[in-house]
*Asks:* 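Sharing a structure below in structure tokens format, with a few things to ask.
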Amino acid sequence: MDGFNHKDLLGMGQLSVTDIELILDTAESMKEISLRDIKKVPTLRGKSVINFFYEPSTRTRTSFELAAKRLSADTVSLSSSGSSLTKGETLLDTARNLQAMHPDLIVLRHSSSGAPHLLASEINAGIINAGDGTNEHPTQALLDLFTIREKKGKIQGLKIAIIGDIEHSRVARSNIIGLTKMGADVTVSGPPTMIPSKAESLGVRVINNPADAIKDKDVIMVLRIQLERQSKILFPTLREYSTYFGINKDILRNAKPDAIVMHPGPINRGVEMSSDVADSPFSVILDQVTNGVAVRMALMYLLIGGHKSDDIA
Ligand code: CP
């Protein structure tokens, strides 16, 4: 395809600024489709998409499925518990068997970092990484970039704080790569035990105290503690985490008056974010979810769709 020469989307590092702008611009056209009475266009008619989720998901899985259906692709959803993985089949054998049925695209979420990369090197179908271990969650970063651009009119030059469990968060990693690439000024904040030891080498500033990190920021991105990916206890209690690192209305006063608050979900209310922030006018959390469908439609279109923008309509 002219302008977007990728078979797979495995991580934000593979995308140029031009690629990211193309995805976001295409997503703007796609967003309107979801507002129509008949939310369907024939763009991917005859294409097959397999959603293969080895880990739980509400937003990503539903949004990929809706995105594919709104573009008229045929979709199949597979989870680890409902597949022959439970009978001892390897991921690679499973993927080769799926490939034998000639899908165009496989969307994979897996607890092991690098699983989508392994599949991409072995099979012909396009692979989209829907979250791999602690590595990356590129479509979450793309929908976050889209939401920031939609709300702020730009990404370049914005001051952004990412607060929480940076070390174990694939959302943080993908956003740091994407936001710095697009020219944002990124600060990360959280308990020292949850900040990567060489965080500055990623091109970000580290300020552990969230009230200081938030100061004068345009965007506050709050992350869940990834308890399922921590091998040891990294803070004494949830109450203590909430007291020192939870984002509430008092702390938010340090940000710019028109700051937006983001969270990829799922939220643990009262832990990393209080309800008075999650449900406040500052919050764009549900806009992120809405935009996820448009961004995933754009990505599928660019990976396996037609060649002209008028195919969208
Ligand atoms: N943001 C995100 O990946 O949410 P899910 O785990 O519900 O897909």
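Order of appearance sets the numbers: ligands from 1, and atoms from 1 within every ligand.
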*Asks:* Would you call Glu200-Arg205 a salt bridge at under 4.0 Å N-O?
*Replies:*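 Looking at Arg205 together with Glu200, the answer is no, because their closest N to O distance does not fall below 4.0 Å.
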*Asks:* To the nearest 0.5 Å, tell me how far Thr139 OG1 sits from Arg59 CZ.
*Replies:*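 Answer rounded to 0.5 Å: 12.5 Å.
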*Asks:* Quick check: does Pro266 get an N/O under 3.5 Å from an N/O on ligand 1?
*Replies:*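 No; the residue has no nitrogen or oxygen that sits under 3.5 Å from a nitrogen or oxygen of the ligand.
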*Asks:* Quick one: nearest non-hydrogen protein atom to atom 4 (O) of ligand 1, plus distance?
*Replies:*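 Here the nearest protein heavy atom works out to Arg59 NE, 3.0 Å.
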*Asks:* Note the single closest protein heavy atom to atom 1 (N) of ligand 1, along with its residue, its atom name and the distance in Å.
*Replies:*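 In this structure, atom 1 (N) of ligand 1 has Pro264 O, 2.8 Å as its nearest protein heavy atom.
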*Asks:* Measure the distance from atom 2 (C) of ligand 1 to every protein heavy atom, then report the residue, atom name and distance (to 0.1 Å) of the closest one.
*Replies:*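 For atom 2 (C) of ligand 1, the nearest protein heavy atom is Thr60 OG1, 3.5 Å.
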*Asks:* Regarding ligand 1, does Gln140 bring an N or O atom to under 3.5 Å of one of the ligand's N or O atoms?
*Replies:*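 The answer is yes, given that Gln140 and ligand 1 share an N or O pair closer than 3.5 Å.
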*Asks:* Please check if any side-chain donor atom of Glu272 sits under 3.5 Å from a side-chain acceptor atom of His263, or the reverse.
*Replies:*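 Glu272 vs His263: donor-acceptor pair found between side chains.
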*Asks:* Check whether any heavy atom of Arg109 sits under 4.0 Å from an atom of ligand 1.
*Replies:*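 Per 4.0 Å heavy-atom rule, Arg109 contacts ligand 1.
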*Asks:* With a 3.5 Å distance limit and no angle check, can you tell me whether Asn208 reaches the backbone of Gly190 through a side-chain donor-acceptor pair?
*Replies:*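 Yes, the answer is positive, given that a donor and an acceptor are paired below the 3.5 Å cut-off.
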*Asks:* Looking at Thr58, which atoms of ligand 1 are within less than 4.0 Å of one of its heavy atoms?
*Replies:*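 Under 4.0 Å from Thr58, ligand 1 has these atoms: 5 (P), 7 (O), 8 (O).
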*Asks:* Please list, in number order, the atoms of ligand 1 under 4.0 Å from a heavy atom of Gly265.
*Replies:*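 In order of number, 1 (N), 2 (C), 4 (O).
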*Asks:* Please determine if Arg109 forms a cation-pi arrangement with Phe53, meaning its NZ or CZ atom is less than 6.0 Å from the six-membered ring centre and no more than 45° off the ring axis.
*Replies:*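 No, a cation-pi geometry is absent between Arg109 and Phe53.
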*Asks:* Quick check: does any side chain N or O of Ser72 sit under 3.5 Å from a backbone N or O of Val41, one acting as donor and the other as acceptor?
*Replies:*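 Answer holds: yes.
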